[in-house]
Amino acid sequence: MKSSHHFSLQDHNSFNVKAISPTIYFPKTVADLVQLPDLSDKIFYILGDGSNTLFVDYHAPVIIKPDFRGITITETPDSYIVCVGAAENWHHLVCLCIEQGIYGLENLALIPGSVGAAPVQNIGAYGLELSTFCTQVKWFEFSIKKITVLNNKACNFSYRDSIFKQTLHNKGIITEVVFSFPKAWQANVSYAGLSDFSDTPSPKKIMDRVISLREAKLPNPHTLPNAGSFFKNPIVNEQQLKVLKHSYPKIPFYPQGYGLVKLAAGWLIEQAGLKGYRDKGVGVHENQALVLVNYDSEQGEDIVTLARYVQQQVLTKFDVLISPEVRMITTKGEKSFIDLAIYSESK
Ligand SMILES: Cc1cc2nc3c(=O)[nH]c(=O)nc-3n(C[C@H](O)[C@H](O)[C@H](O)COP(=O)(O)OP(=O)(O)OC[C@H]3O[C@@H](n4cnc5c(N)ncnc54)[C@H](O)[C@@H]3O)c2cc1C
């Protein structure tokens, strides 16, 4: 199996911060995974394309970067089954499907990253989540050194969440993702920005619209390093919403059922006066307050400091806690935002 020492990760994280891994492994077959050293009591991180990853410290832990490739398409009378290796590029998959007349993923065009990372946070955009079409995730479990298959239900998908972020975190590696696309396609154009087509658009038209909306709204990580939405949209209860609406009648909110509502983190940050805020070479994007950008810092810690400031300002103004969507990786492994504060103080 290919591996490397003292490997620079700067080109492998979309914040483009400097970090170095003592050892990186690139398993591309199950035999490679079986050969991996026993990492059960070691600190390590599984890296896809690094577009949802922030290397907080210059010294990163051991990295496993799966290199499972290949896309196979089979047909049943009423659907297409598409099996995709974890290292394939997500947007490439979306384009390939549309070219092949396989429809469903068009709303998820242009999301950066690998296919293997997509189930981890159940990627979503423009009114669609991966969980709608993902039927199976093939998973190499470190403890038994074998592939197991999780069906959609077993993945426990929810908003920006899945079992891979929860109980299966660091317990194995996603090697392949399986999708099923019904041949009877239905346009999903209820979301803002897609609802003004004069008649039912083709999947390609929807994809092109999603691409142009995203290009207009989001900074390209290749020209202005970022990790997309830095914070998750917070979920509050109806009582909290009532209090907020009293002071901020225009607050946008999205009912989630069970007495819960989702708020727009970008709106909260903007109303806290932080859109365009800049400090130490990093900042809040000028047009999209949910995106933290790296103008010219080389240190992940500068982004953490900014994120803390943003979180604090929003908490002070609205009494709402916003939490990062981005994964924080230190020398001592992944940390939650709360643990990261304790970790940083102890350094
Ligand atoms: C400009 C921009 C726009 C974005 N827009 C969106 C959006 O609209 N919607 C959205 O949901 N996200 C969005 N994101 C976030 C990002 O694209 C997704 O989270 C994507 O799935 C990350 O893929 P990656 O390969 O880069 O993951 P990485 O950052 O490398 O890893 C993310 C997580 O997945 C785990 N992981 C990666 N590969 C595997 C594997 N094979 N097995 C097990 N675990 C694995 C990692 O350990 C980590 O926890 C955006 C990011 C950017 C930069």
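None of the values given here were measured: they were computed from a predicted structure. For this chain, numbers begin at 1 and follow the sequence in order. Indexing begins at 1, ligand by ligand and atom by atom, following the structure's order.
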Evaluation steps, side-chain contact (heavy atoms from CB on, under 4.5 Å), between Cys134 and Val177: CA-CA 7 Å; Cys134 173; Val177 184; 3.8 Å; yes
For ligand 1, which atoms have a heavy atom of Arg327 less than 4.0 angstrom away?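 Under 4.0 Å from Arg327, ligand 1 has these atoms: 48 (C), 49 (O).
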Provide the number and element of each atom of ligand 1 under 4.0 Å from a heavy atom of Gly124.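 Within the 4.0 Å cut-off of Gly124, ligand 1 contributes 7 (C), 8 (O), 9 (N), 10 (C), 11 (O).
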Name all residues meeting the side chain to side chain donor-acceptor pair (under 3.5 Å) criterion together with Thr331; count only those two or more places apart in sequence or in a different chain, and write none if there are none. Asp57
Is His169 close enough to touch ligand 1? Criterion: a residue heavy atom under 4.0 Å from a ligand atom. no
What's in the same ILVMFWY side-chain cluster as Tyr58, cut-off under 4.5 Å, chained through other members?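 Grouped by the 4.5 Å side-chain rule, Ile20 form the rest of the cluster around Tyr58.
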Quick one: nearest non-hydrogen protein atom to [atom], plus distance?
atom	result
atom 46 (C) of ligand 1	Ile46 O, 3.0 Å
atom 1 (C) of ligand 1	Asn226 OD1, 3.5 Å
atom 5 (N) of ligand 1	Arg214 NH2, 2.8 Å

Mode of [X] contact toward ligand 1 - side chain, backbone, both, neither (heavy atoms, under 4.0 Å):
X	result
Ala125	side chain
Pro66	side chain
Tyr45	side chain
Asn220	neither
Ile174	both

Any idea which of Thr53, Leu168, Leu218 brings a heavy atom closest to atom 29 (O) of ligand 1?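 The residue whose heavy atom sits nearest atom 29 (O) of ligand 1 is Thr53.
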Closest heavy-atom approach to atom 10 (C) of ligand 1 among Gln121, Gln288, Lys171, Lys65 is made by Gln121
From Ser162, Cys155, Pro119, residue fulfilling side-chain contact (heavy atoms from CB on, under 4.5 Å) relative to Leu130: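 Only one option passes, and that is Pro119.
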Between Arg69 and Asp67, does any NZ, NE, NH1 or NH2 come within less than 4.0 Å of an OD or OE carboxylate oxygen? yes
